[in-house]
Participant: 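Before we start, here is the structure in question, set down as structure tokens.
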Amino acid sequence: MRTMIGRPVFEPLTGCPGFLVVIITSLDATEKVAYIICYIKRSNQRAIIMANRLYTVEPPYSQEVDTLLSRYPKPNGYLLKLFRVFANSTRFLRKGVLDLLDRDSPLAMRHRELVILRTCANNDCEYEWGVHVAGFAEHVQFTEEQIKATRLGAPDDACWNSEESTLLLAVDELCNSACLRAETRDRFQSLFTVEQQLEIFALCGNYHTVSFVANMAEIEGEPFGVRFPSALDKGD
């Protein structure tokens, strides 16, 4: 008996990559049998991968999922695709993310949205960035230039006031290193109360989680969502 490991191949039905392993014991049909066994193993692995991928859960929902989803906002009766991805886990529906969009926030809504947009932009999460631009940008009076700058601009761009520049810089540093440089920290703490600071940290963490979920699930943008601006639009 001898074993030969051949070149990389792709299973013809699933396209799953691997190596063809042939165990030869004779010149009869054994080689064919070994070939089939090898492909069965790779096909099973592919099935496991597909079963464990995040997807947008479609109705009808189980009673438990339906009850949990009823607690999520539905603007004009529409349930966001993101929330239907959360529905892959009832535990995640209960505990996965915090509701930080309430009226009791210590942050001004404009500051809240600036943190959310910058965090999503830093995580290349076009889906959630586009949902918040569509839902809140006009309400908090972001200009077109400012919307583009949340994705393409620097914290010290002329379109931001001093407080907003400091907030953007803090978000960038938190996203990059989970901390603030001493100079940034001093500026940040001179402008925001301890309650506001903690709210900003929670928002950054929350929308990292949202970005991870949306990106890993490869959620297509909502019909009303806004696309990321192109770098070619930066000077418009």
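Computed from a predicted model, the values in this text were never measured in an experiment.
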Participant: Which residues pass the side-chain contact (heavy atoms from CB on, under 4.5 Å) test with R185, not counting sequence neighbours?
Facilitator: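 L180, A182, Q189.
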Participant: What residues form a ring pair (Phe, Tyr, Trp, His ring centres under 6.0 Å) with H132, not counting sequence neighbours?
Facilitator: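 F136, Y207.
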Participant: Can you name the side-chain contact (heavy atoms from CB on, under 4.5 Å) partners of F92, sequence neighbours left out?
Facilitator: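 Here the qualifying residues are F86, S89, V97, T209, V213.
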Participant: Can you tell whether the side chains of D124 and R151 come within less than 4.0 Å, N to carboxylate O?
Facilitator: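 Salt bridge: yes.
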Participant: Checking the side chain of Q196 only, and the main-chain atoms of L107 only, is there a donor and an acceptor separated by less than 3.5 Å?
Facilitator: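 Checked: no pair found.
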Participant: Test of understanding: with ring pair (Phe, Tyr, Trp, His ring centres under 6.0 Å), list the residues that count as partners of Y127, not counting sequence neighbours.
Facilitator: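 Partners of Y127 by the ring pair (Phe, Tyr, Trp, His ring centres under 6.0 Å) criterion come out as none, since no residue qualifies.
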Participant: Applying ring pair (Phe, Tyr, Trp, His ring centres under 6.0 Å), name anything that partners Y72, two or more places apart in sequence or on another chain.
Facilitator: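 Expected list: F83.
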Participant: Please identify each residue that fulfils side-chain contact (heavy atoms from CB on, under 4.5 Å) with M216, with sequence neighbours left out.
Facilitator: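 Checked M216 against side-chain contact (heavy atoms from CB on, under 4.5 Å); matches are L54.
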Participant: Counting only N and O atoms by type, is there a donor-acceptor contact under 3.5 Å from the side chain of N215 to the main-chain atoms of V210?
Facilitator: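 No, the answer is negative, given that no donor and acceptor are paired below the 3.5 Å cut-off.
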Participant: Salt bridge (charged side-chain N to carboxylate O under 4.0 Å, His left out): which pairs involve residues 84-105, sequence neighbours left out?
Facilitator: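 Every pair satisfying salt bridge (charged side-chain N to carboxylate O under 4.0 Å, His left out) with a residue in residues 84-105: E58-R84, E64-R94.
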Participant: Does the side chain of T184 pick up a donor-acceptor pair with the side chain of R187 at under 3.5 Å?
Facilitator: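 The criterion, which ignores hydrogens and geometry beyond distance, is not satisfied for R187 and T184.
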Participant: Name all pairs fulfilling the salt bridge (charged side-chain N to carboxylate O under 4.0 Å, His left out) condition that reach into residues 126-138, sequence neighbours left out, sorted by first residue then second.
Facilitator: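 Found E126-R227.
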Participant: F212: which residues meet the ring pair (Phe, Tyr, Trp, His ring centres under 6.0 Å) condition with it, sequence neighbours left out?
Facilitator: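 With neighbours one apart ignored, the set is H208.
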Participant: Locate the shortest heavy-atom distance separating D157 from A149; write the atom from each residue and the value.
Facilitator: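 Here D157 and A149 meet closest at OD2-CB, 4.1 Å.
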Participant: Applying side chain to side chain donor-acceptor pair (under 3.5 Å), can you list everything that pairs with N122, at least two apart in sequence or on another chain?
Facilitator: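 Only D172 meet the side chain to side chain donor-acceptor pair (under 3.5 Å) criterion with N122.
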Participant: Name the atoms and distances for all side-chain donor-acceptor pairs under 3.5 Å in residues 75-82, with sequence neighbours left out.
Facilitator:
| from | atom 1 | to | atom 2 | distance (Å) |
| --- | --- | --- | --- | --- |
| Y78 | OH | E222 | OE1 | 2.3 |
| K81 | NZ | E220 | O | 3.4 |
| K81 | NZ | G221 | O | 3.2 |

Participant: Got a donor-acceptor contact below 3.5 angstrom from the N88 side chain to the V85 backbone?
Facilitator: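 Here the side-chain-to-backbone pair exists.
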Participant: Compute whether any side-chain donor of one residue and acceptor of the other, for W129 and S211, lie under 3.5 angstrom apart.
Facilitator: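 Their side chains do not contain a donor-acceptor pair, so the 3.5 Å distance test is not met.
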Participant: Residues two or more places apart in sequence or in another chain: which of them pass side chain to side chain donor-acceptor pair (under 3.5 Å) with R112?
Facilitator: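 Scan of R112 (side chain to side chain donor-acceptor pair (under 3.5 Å), adjacent residues dropped) gives none.
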Participant: Between the main-chain N or O of L69 and the side-chain N or O of K74, is there a donor-acceptor pair closer than 3.5 Å?
Facilitator: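 Yes, because the side chain of K74 sits within donor-acceptor range (under 3.5 Å) of the backbone of L69.
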